[in-house]
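Proteins come first, then strands; the chains are lettered A, B, ... in the order of their sequence lines, and each starts at number 1. If you're wondering where the values come from, they're calculated on a predicted model, not measured in any experiment.
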Number of protein chains: 2
Amino acid sequence: MTLPILCPIVRRGVRLRAHCVSCAGTPPGGMQLAKGDFLYRQGDEARHVFAVTGGWLQVFVTTPDGKHAAARFVGPGDVIGLEALSPKTPTYLATTTALRTSRACAVSPSEMRTWFQENPDDAMALTALGVEDLATLQRRMVMNASLGADERVLELVKDFAARAQPGTWVELPATREQLGAVLGLTFETVSRALHRLADRGLIAVDGRRVRLEDGR
Amino acid sequence: MTLPILCPIVRRGVRLRAHCVSCAGTPPGGMQLAKGDFLYRQGDEARHVFAVTGGWLQVFVTTPDGKHAAARFVGPGDVIGLEALSPKTPTYLATTTALRTSRACAVSPSEMRTWFQENPDDAMALTALGVEDLATLQRRMVMNASLGADERVLELVKDFAARAQPGTWVELPATREQLGAVLGLTFETVSRALHRLADRGLIAVDGRRVRLEDGR
DNA sequence: CGTAACTTTGATCTTTATCAAGCCTCGTGG
DNA sequence: CCACGAGGCTTGATAAAGATCAAAGTTACG
């Protein structure tokens, strides 16, 4: 008999369902998304909180004037759609789409409510998790403002690599254009930056696969 | 007899203390900060959640390589320092400093815990509030990536104006340099952008005071 | 096997950073 | 009361980074 596989959610310290420890990414109610599917769209009524259990998704924001650009990538362990917990008529504040086949576990606000009532510690942990995401985004924002293209791309590559085995090839889940959308760069600049980093010996690039050279 | 003044926190739908409705920004335990004071520093042990009840503060992030830049401004109604709710040894993930005399109400995690237990709805509201902040930051990030200097500055001015009476002069709580730090621009560019916007008739500028012309 | 999407690479142009100089305002001390 | 100085603001000239335009090579997939 094998050991129970830990749900990715548990790895970030929050259990979205009581039975999450044994769900292994396919909980009852867990849903599968094909590449290009939308998990939800900005402005939709927010009926569920989602825990990503597999794959990669991209979060988009549409500004009032119609501009829209990517904000961040979310992968296993990330909890999104917390707008559903808002007391006012909750609407999603961003659009989330699958970059590849992905899995997400959906939880309704009413489930969340009883869970919060029984486990205030989990409620606090989830709130803190949101702040962690906020801090990550703040960090990325600072980088986008203060670093050049090469360093920004390197940081993003490191972020993806941090979720995989160290020293191995990592498949970037996005096109150059999608990477650039998050970094505030064009796809040409992303391409050039990747190759400049390779020239500097910091990474190895092979199409969409990347490996960190050197220490981490 | 005057009506009770609503604590700014209530305006964003979350009561950090049961008696918040009557605290009017000076709750027991509320603290005053002088210009330049630090509310907390990145890396400090996170002992309190803070609700800003007056003034303006700026949030900084320091990246691992020592770079640091401003991430956002926080004012009355904002709740910060939610890192304190993290179950692991909680440390603040950013530095917050007062741009002018400000007030903040500090609440300990244990207080939050009992409050969450009694009011799961408030817990959900607070979590949702965090997501709102995340969405705001995502929006700003998208703008920083996709808009030019003028439009970015205009958006920031609008944000400040949105918290004041429409059509009135608004005092920007920050220097050109501090505004630029948030926008990813230099102070010269911020200065030029403000005057270009004034030339275009979109705003009126008088030193640190600004007024939106036209509809909003 | 053929097409569409993606990627690389080059040349040129725009925007914003950088460097620099002078001005204004406010607070402090003689 | 005035002189001074520091911090902040404006404005100009130049340089660098990245966007844009363009063309050709590569990969994925029906």
- Atom-pair distance (CG on A:Asp150; P on D:dA16), nearest Å: 16 Å
- Item | B:Arg196 CZ - D:dT11 C1' separation (whole Å) | 12 Å
- Polar pair under 3.5 Å, donor/acceptor by atom type, side chain B:Arg192, base C:dT18: yes
- Message: Which residue is it: A:His195, A:Arg192, A:Arg196? I am looking for the one with a side-chain hydrogen bond (donor to acceptor under 3.5 Å, both in side chains) to A:Asp150.
- Response: A:Arg196
- Item | Residues, nucleotides or ligands: over 12 heavy atoms within 6.0 Å of A:Arg41 CZ | no
- Query: Just checking A:Gly180: base, sugar-phosphate only, or nothing, at a heavy-atom cut-off of under 4.0 Å?
  - Reply: nothing
- Message: It should be established whether B:Arg176 places a side-chain nitrogen or oxygen under 4.0 Å from OP1 or OP2 of nucleotide D:dT10.
- Response: yes
- Note on the structure: Here the distance between atom P of C:dT8 and atom CG of A:Leu185, to the nearest Å, is 15 Å
- Message: Heavy atoms only, 4.0 Å cut-off, all strands: where does A:Gly148 land among base, sugar-phosphate and nothing?
- Response: sugar-phosphate
- Query: Between atom CZ in A:Phe187 and atom P in C:dT8, what is the gap in whole Å?
  - Reply: 11 Å
- Message: Once hydrogens and angles are ignored, does a donor-acceptor distance under 3.5 Å link the base of D:dT27 to the side chain of A:Arg209?
- Response: no
- Query: Considering residues, nucleotides and ligands other than A:Glu177, do more than 12 of their heavy atoms fall under 6.0 Å from its CD?
  - Reply: no
- Query: How long is the line joining CD of A:Glu177 and P of D:dT27, in whole Å?
  - Reply: 20 Å
- Message: Rounded to whole Å, how long is the line connecting atom CD of B:Glu151 with atom C1' of C:dT14?
- Response: 15 Å
- Query: Near B:Glu188 CD, under 6.0 Å, is it more than 12 heavy atoms from other residues, nucleotides or ligands?
  - Reply: yes
- Message: By the 4.0 Å heavy-atom rule, please label B:Arg208 as base, sugar-phosphate, or nothing.
- Response: sugar-phosphate
- Query: B:Thr189 or A:Arg152: which one's nearest nucleotide on DNA chain D is closer to the 5' end?
  - Reply: B:Thr189
- Item | Separation of C:dC6 P from A:Glu171 CD (nearest whole Å) | 14 Å
- Task: Pick base, sugar-phosphate or nothing for A:Thr175, based on heavy-atom distances below 4.0 Å to the nucleic acid.
- Result: sugar-phosphate
- Item | Under 4.0 angstrom between A:Ser191 side-chain N/O and C:dT7 OP1 or OP2 | no
- Note on the structure: Taking for A:Ala149 and for A:Glu188 the nucleotide of DNA chain D with the nearest heavy atom, the one nearer the 5' end belongs to A:Ala149
- Item | Length of the CZ-P vector between A:Arg100 and D:dC29, whole Å | 12 Å
